[in-house]
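First the proteins, then the strands, lettered A, B, ... as listed; each starts at 1.
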There are 2 protein chains.
Amino acid sequence: MKKIGELSKVTGCSVQTIRHYEKEHLIASAERSEGNFRLYDESAVERLLFIKHCRSLDLSLPEIRQLLALNRSPGSQCDDVNRMMDRHIEQVETRIQELTKLNEQLRMLRRSCTNRRTVEQCGILRNLSATSVSIG
Amino acid sequence: MKKIGELSKVTGCSVQTIRHYEKEHLIASAERSEGNFRLYDESAVERLLFIKHCRSLDLSLPEIRQLLALNRSPGSQCDDVNRMMDRHIEQVETRIQELTKLNEQLRMLRRSCTNRRTVEQCGILRNLSATSVSIG
DNA sequence: TATAAACTCTATAATAACAATAGAGTCAAC
DNA sequence: GTTGACTCTATTGTTATTATAGAGTTTATA
Ligand SMILES: [Zn+2]
Ligand SMILES: [Zn+2]
Ligand SMILES: [Zn+2]
Ligand SMILES: [Zn+2]
């Protein structure tokens with residue numbers, strides 16, 4: 001049985017994060033030692049790695065909770081999982097589009113300054129001050 | 001002179017947001033009426049639109065504060081503005097790359113489920129459970 | 001054995017940029 | 001004079017952690 005510090009090392013999740021996941025019911029309340037220290041077995045490692053994998057895909061804690069719940073009822077259909085994934089993918093793609101557009105605007109704005117000028121003449125600030133959002 | 005509600009309508013910033021910007025010193029403390037209502041003139045409109053424009057480019061409030069400060073000392077060089085913009089652009093591009101990679105992984109993961117299966121056989125959950133982060 | 005170092009515990013606050021609410025006060029119209 | 005729309009301040013919530021504070025536990029060393 002590992003204490004929380006070792007679990008942290010093994011999984012790469014910080015100690016506070018592990019406690020946080022417990023409070024949020026993503027992992028079960030751990031057994032306690034006589035001195036009230038949390039004790040974990042291998043299943044805790046697996047579960048934490050599952051969560052970490054999900055987080056690396058930007059899935060939210062509620063989404064992960066849902067996946068874990070589905071995982072516990074292995075007989076159910078996986079439509080719910082699919083719907084969630086589809087929604088999540090859509091959000092990510094929307095965000096990519098937003099940022100791409102943003103990036104174009106920022107680069108255009110950046111080109112409007114050629115250094116060696118004073119702020120008074122700075123194209124960046126002038127453009128930002130313009131009431132219209134368009135930059136060209 | 002406008003009260004905060006009208007300023008909100010004109011600029012498209014919510015009333016709370018305007019108060020928030022005041023607290024964060026992005027806009028000056030407004031004059032007050034006898035009844036202690038905030039009163040704004042046209043310069044407040046301009047400044048709020050400037051801020052809104054910056055926010056639409058995902059510039060942070062501290063970054064905007066910096067731009068506003070530079071705007072007030074028009075004789076200074078604009079190297080600082082440029083450095084900030086460059087850093088900001090870099091961050092946006094990094095985030096785009098991250099999300100693009102994420103999106104590929106999510107789509108791959110999504111393909112591993114073909115519906116009509118039970119959760120037990122679900123490729124998504126199986127892949128998420130795999131210790132390795134790779135999905136293929 | 002005493003003590004110090006390293007670890008753990010709970011509870012609370014901070015992060016970013018607001019949104020939402022509570023409870024009270026102001027103002028205009030009817 | 002009372003309704004309704006508006007405003008005020010102050011507080012809390014949002015997300016997923018991170019960072020404290022202050023106290024207790026365990027392990028290693030002098
Ligand atoms: Zn999601
Ligand atoms: Zn410039
Ligand atoms: Zn930035
Ligand atoms: Zn499936």
Return the CG to CD1 distance between B:L59 and B:I51, rounded to the nearest 0.5 Å.
11.5 Å
Using heavy-atom distances to pick each residue's nearest nucleotide on DNA chain C, tell me which of B:P62 and A:E22 is more 5'.
A:E22
Are B:L48 and B:V10 packed together at the side-chain level, in the sense that at least one heavy-atom pair is separated by less than 4.5 angstrom?
no
Can you tell me how far C1' of D:dC6 sits from CG of B:N36, to the nearest Å?
14 Å
Contacting residues from residues 23-31 of chain B, given that a heavy atom lies under 4.0 angstrom of DNA chain D:
none
Has B:T17 got a side-chain N or O lying under 4.0 Å from the OP1 or OP2 atom of C:dA19?
yes
Where do B:E98 and B:R95 land on the salt bridge (Lys or Arg N to Asp or Glu O under 4.0 Å) test, with the steps shown first?
CA-CA 5 Å; B:E98 285 172 2; B:R95 187 63 184 148; 2.8 Å; yes
Could you tell me whether the side chain of A:M108 reaches within less than 4.5 Å of the side chain of A:R111, counting heavy atoms only?
yes
Counting only side-chain heavy atoms from C-beta out, which of D:dT17, C:dT10, D:dT7 sits nearest to A:L61?
D:dT17
For the side chain of A:Y21, counting heavy atoms from C-beta on, which of C:dC9, D:dC8, D:dT17 is nearest?
D:dT17
Upstream residue (5' side of DNA chain D) when A:H20 and A:G35 are each assigned their closest nucleotide:
A:H20
Taking all non-hydrogen atoms of both residues, which atom of B:S56 and which atom of A:L102 are closest, and how far apart?
O-CD1, 2.9 Å
In whole angstrom, give the distance that lies between atom CD of B:E34 and atom C1' of D:dT7.
15 Å
Is any side-chain heavy atom of A:D41 less than 4.5 Å from a side-chain heavy atom of A:E31?
no
What is the distance from CD of B:Q16 to P of C:dA22, rounded to the nearest Å?
14 Å
Of the candidates C:dA17, D:dA16, D:dC8, the side chain of A:S60 sits closest to D:dA16
Heavy-atom distance under 4.5 Å between the side chains of A:C54 and A:E63, does that happen here?
no
From the list C:dT10, D:dT18, C:dA20, which nucleotide is the closest neighbour of the side chain of A:S14?
D:dT18
Atom-pair distance (CD1 on A:I18; C1' on D:dT18), nearest Å:
14 Å
Would you indicate which nucleotide in D:dC8, D:dA16, C:dT8 comes nearest to any side-chain atom of A:R19?
C:dT8
Could you check whether B:R38 gets within reach of a base, just the sugar-phosphate, or nothing at all, counting any heavy atom under 4.0 Å?
sugar-phosphate
From the set D:dT26, D:dT18, C:dC9, return the single nucleotide nearest to any side-chain atom of A:S33.
D:dT26
Nucleotide nearest B:F37 when distance is taken to its side chain, options C:dT8, C:dA19, C:dT26:
C:dT26
Rounded to whole angstroms, how far apart are NZ on B:K3 and C1' on C:dT26?
8 Å
What does the inter-axis angle of the helix from C:dT1-D:dA30 to C:dC30-D:dG1 come out as, five pairs per end, nearest 10 degrees?
40°
Using a 6.0 Å cut-off, check whether atom CD of A:E24 has over 12 heavy atoms from anything other than its own residue.
yes
Please report the distance, rounded to the nearest Å, between CG in A:L7 and P in C:dC9.
11 Å
Calculate the interatomic distance between B:I4 atom CD1 and C:dC18 atom C1'; express it in whole Å.
14 Å
Roughly how many Å is it from CD in B:E6 to P in D:dA5, rounded to a whole number?
18 Å
What's the verdict on salt bridge (Lys or Arg N to Asp or Glu O under 4.0 Å) for A:D86 and A:R83, showing C-alpha distance, side-chain angles and the deciding distance?
CA-CA 5 Å; A:D86 288 340; A:R83 260 194 297 277; over 6 Å; no
Starting at CE of B:M1, measure out to CZ of B:R38 and round the result to the nearest 0.5 Å.
13.0 Å
